[in-house]
Amino acid sequence: MCQLLERVPDTSSSSSDSDSDSDSSGTSLSEDEAPGEARNGRRPARGSSGEKENRGGRRAIRPGTGGPLLSWPLGPAPPPRPPQLERHVVRPPPRSPEPDTLPLAAGSDHPLPRAAWLRVFQHLGPRELCVCMRVCRTWSRWCYDKRLWPRMDLSRRKSLTPPMLSGVVRRQPRALDLSWTGVSKKQLMWLLNRLQGLQELVLSGCSWLSVSALGSAPLPALRLLDLRWIEDVKDSQLRELLLPPPDTKPGQTESRGRLQGVAELRLAGLELTDASLRLLLRHAPQLSALDLSHCAHVGDPSVHLLTAPTSPLRETLVHLNLAGCHRLTDHCLPLFRRCPRLRRLDLRSCRQLSPEACARLAAAGPPGPFRCPEEKLLLKDS
């Protein structure tokens with residue numbers, strides 16, 4: 001502060017003059033230095049020459065003590081620090097990274113081209129590919145090809161580190177398994193905004209606080225979504241996920257839901273009601289596989305909704321899993337004959353369903369008979 005006072009020539013000068021003087025002088029303080037410290041890191045001693053020179057100026061008096069608090073006029077306050085941006089921008093690798101051949105130490109190129117090396121790399125697992133990436137820089141660039149990483153499994157990890165997330169984005173997998181992990185909402189949103197080609201996403205066992213990132217992330221290519229055994233998921237949370245985004249573009253006449261293109265949806269163990277099923281029929285009309293196993297509120301009225309004449313899933317359902325739904329009775333079994341494309345029907349562990357009624361359904365079937373490898377499991381060969 002004493003140095004700032006020394007650079008002010010006159011108490012009547014404006015703040016703009018003091019700014020120009022401080023810019024022209026070579027003793028201005030850096031942002032990292034604390035006020036009252038010189039550039040050599042030492043604080044000026046009490047009674048120094050700089051303090052004596054400023055005793056003639058006006059001073060602020062501490063109330064009740066009569067002692068001087070600070071000499072003024074004060075110098076200009078340092079400008080606020082700008083907000084820190086992301087230090088590392090993670091981008092996917094180019095589709096055809098160079099070079100196309102492997103340079104050798106002798107100066108020539110290896111006779112095998114890059115396409116032949118990639119065919120060899122396709123027979124390796126993730127661990128072997130990571131070893132190959134340490135061989136040389138050319139192999140490291142080639143091994144980032146997304147054709148070598150169609151599926152990535154990070155399941156059952158307590159925490160996901162930034163290098164893991166960056167590695168996923170650089171490899172651009174089509175299927176990503178994050179089940180039973182400690183992924184946060186911020187991490188999941190960061191991933192989904194950078195994986196526009198993601199087709200399969202497994203989030204079973206994660207918390208709804210992190211899964212709620214699906215409500216604001218674009219998923220244009222998603223075909224499979226696994227949300228099994230997520231705690232504290234009710235109709236209100238599923239409504240946020242199924243409804244179209246509120247921020248539609250200007251001029252857009254038809255708002256599409258986030259799950260319009262999903263073909264397989266797994267909702268086992270959730271507290272679904274018929275209200276959620278109505279939203280599901282409206283905003284996910286292309287489902288061919290639906291897993292509602294161990295949903296406590298699914299009963300005969302739910303089956304009637306799924307197989308009603310106005311239901312779009314009546315013509316699209318191929319696999320239906322209702323295992324562990326204890327509210328189902330024998331009265332709902334004839335309703336499954338309304339689904340002509342049904343190939344797999346799982347009714348195991350349904351207490352109120354009799355094996356005899358399931359056997360009669362398997363003999364008749366929609367439209368042909370089923371085979372029963374297990375009790376209350378109906379399969380039909382395509």
Side-chain angles (χ1 to χ4, degrees), residues 179-180 200-212 214-215 222-243 257-259 262-308 310-314 316-336 338-339 342-355 357-358 361 374-379:
S179 57
W180 305 98
E200 300 180 10
L201 179 60
V202 181
L203 296 173
S204 57
C206 298
S207 63
W208 173 254
L209 183 61
S210 59
V211 176
S212 60
L214 295 173
L222 192 64
R223 296 295 177 267
L224 184 149
L225 181 60
D226 191 338
L227 301 178
R228 294 176 294 176
W229 303 107
I230 297 178
E231 297 181 359
D232 301 331
V233 176
K234 302 186 185 313
D235 292 340
S236 58
Q237 285 83 4
L238 287 174
R239 185 181 181 87
E240 297 177 4
L241 180 61
L242 294 173
L243 288 180
R258 299 180 181 91
L259 304 183
V262 175
E264 183 173 356
L265 187 59
R266 302 172 185 174
L267 303 174
L270 305 185
E271 297 183 8
L272 294 178
T273 63
D274 293 344
S276 299
L277 289 180
R278 292 187 184 93
L279 288 175
L280 188 65
L281 296 176
R282 181 179 178 182
H283 299 288
Q286 300 182 12
L287 289 179
S288 60
L290 180 60
D291 185 1
L292 298 176
S293 59
H294 302 281
C295 292
H297 301 287
V298 173
D300 294 348
S302 305
V303 178
H304 181 74
L305 283 175
L306 293 176
T307 60
T310 57
S311 172
L313 303 186
R314 179 176 178 175
T316 61
L317 272 181
V318 179
H319 303 282
L320 180 59
N321 190 353
L322 298 175
C325 297
H326 303 305
R327 293 191 177 186
L328 296 177
T329 64
D330 294 344
H331 300 287
C332 71
L333 294 180
L335 300 177
F336 293 110
R338 301 175 179 177
C339 303
L342 196 60
R343 295 291 180 269
R344 178 186 175 92
L345 179 60
D346 193 348
L347 299 173
R348 291 175 292 182
S349 302
C350 295
R351 300 173 184 174
Q352 301 188 43
L353 289 178
S354 61
C358 294
L361 176 63
E374 298 182 25
E375 190 178 61
K376 302 180 183 180
L377 177 61
L378 285 69
L379 301 177

Identify the heavy atoms of L277 and S302 that sit nearest to each other, and give their distance.
-> CD1-CB, 3.5 Å
OG-CG distance between S288 and L265, expressed to the nearest 0.5 angstrom = 10.5 Å
Would you find a donor on one side and an acceptor on the other, under 3.5 Å apart, between the side chain of E240 and the backbone of Q237?
-> no
Take L292 and L270 through the side-chain contact (heavy atoms from CB on, under 4.5 Å) test and state the conclusion after the steps.
-> CA-CA 8 Å; L292 298 176; L270 305 185; over 6 Å; no
Applying side chain to side chain donor-acceptor pair (under 3.5 Å) to S204 and not counting sequence neighbours gives none
Which atom pair, heavy atoms only, marks the closest approach of L378 to C358?
-> CD2-O, 4.2 Å
Looking only at heavy atoms, the pair that brings L267 and R228 closest together is N-CG, 4.3 Å
Evaluation steps, side-chain contact (heavy atoms from CB on, under 4.5 Å), between L280 and L272 | CA-CA 11 Å; L280 188 65; L272 294 178; over 6 Å; no
List in chain and number order the residues that pass side chain to side chain donor-acceptor pair (under 3.5 Å) with N321, two or more places apart in sequence or in another chain; answer none if no residue qualifies.
-> D291
Nearest heavy-atom contact between G269 and C295 is N-SG, 4.0 Å
Kindly determine whether D232 and W208 satisfy side-chain contact (heavy atoms from CB on, under 4.5 Å), including the steps that lead there.
-> CA-CA 7 Å; D232 301 331; W208 173 254; 5.7 Å; no
Distance, nearest 0.5 Å, that separates CG of L322 from NZ of K376 | 12.5 Å
Report the distance from atom CD of E375 to atom OG of S354, rounding to the nearest 0.5 Å.
-> 9.5 Å
In short, D330 meets L353 closest at the heavy-atom pair OD1-CA, 3.3 Å
The single option from V318, T307, L320 that satisfies side chain to side chain contact (heavy atoms under 4.5 Å, CB included) with L342 is L320
Check whether any side-chain heavy atom of T316 sits under 4.5 Å from a side-chain heavy atom of Q286, and report yes or no.
-> no
About how many Å separate CZ of R338 and NE2 of H304, when rounded to the nearest 0.5 Å?
-> 6.0 Å
Work out which heavy atom in L259 is nearest to a heavy atom in L242; give both atom names and the distance.
-> CD1-CD2, 3.4 Å
May I ask you to test the L227-V211 pair for a side-chain heavy-atom distance under 4.5 Å?
-> yes
Evaluate side-chain contact (heavy atoms from CB on, under 4.5 Å) for D300 paired with L328, printing each intermediate quantity in order.
-> CA-CA 5 Å; D300 294 348; L328 296 177; 3.9 Å; yes
Do the non-hydrogen side-chain atoms of D235 and R239 ever get within less than 4.5 Å of each other?
-> no
Straight-line distance of R223 CZ to E264 CD, nearest 0.5 Å = 12.5 Å
Which value, rounded to the nearest 0.5 Å, describes the distance between R314 atom CZ and L281 atom CG?
-> 12.5 Å
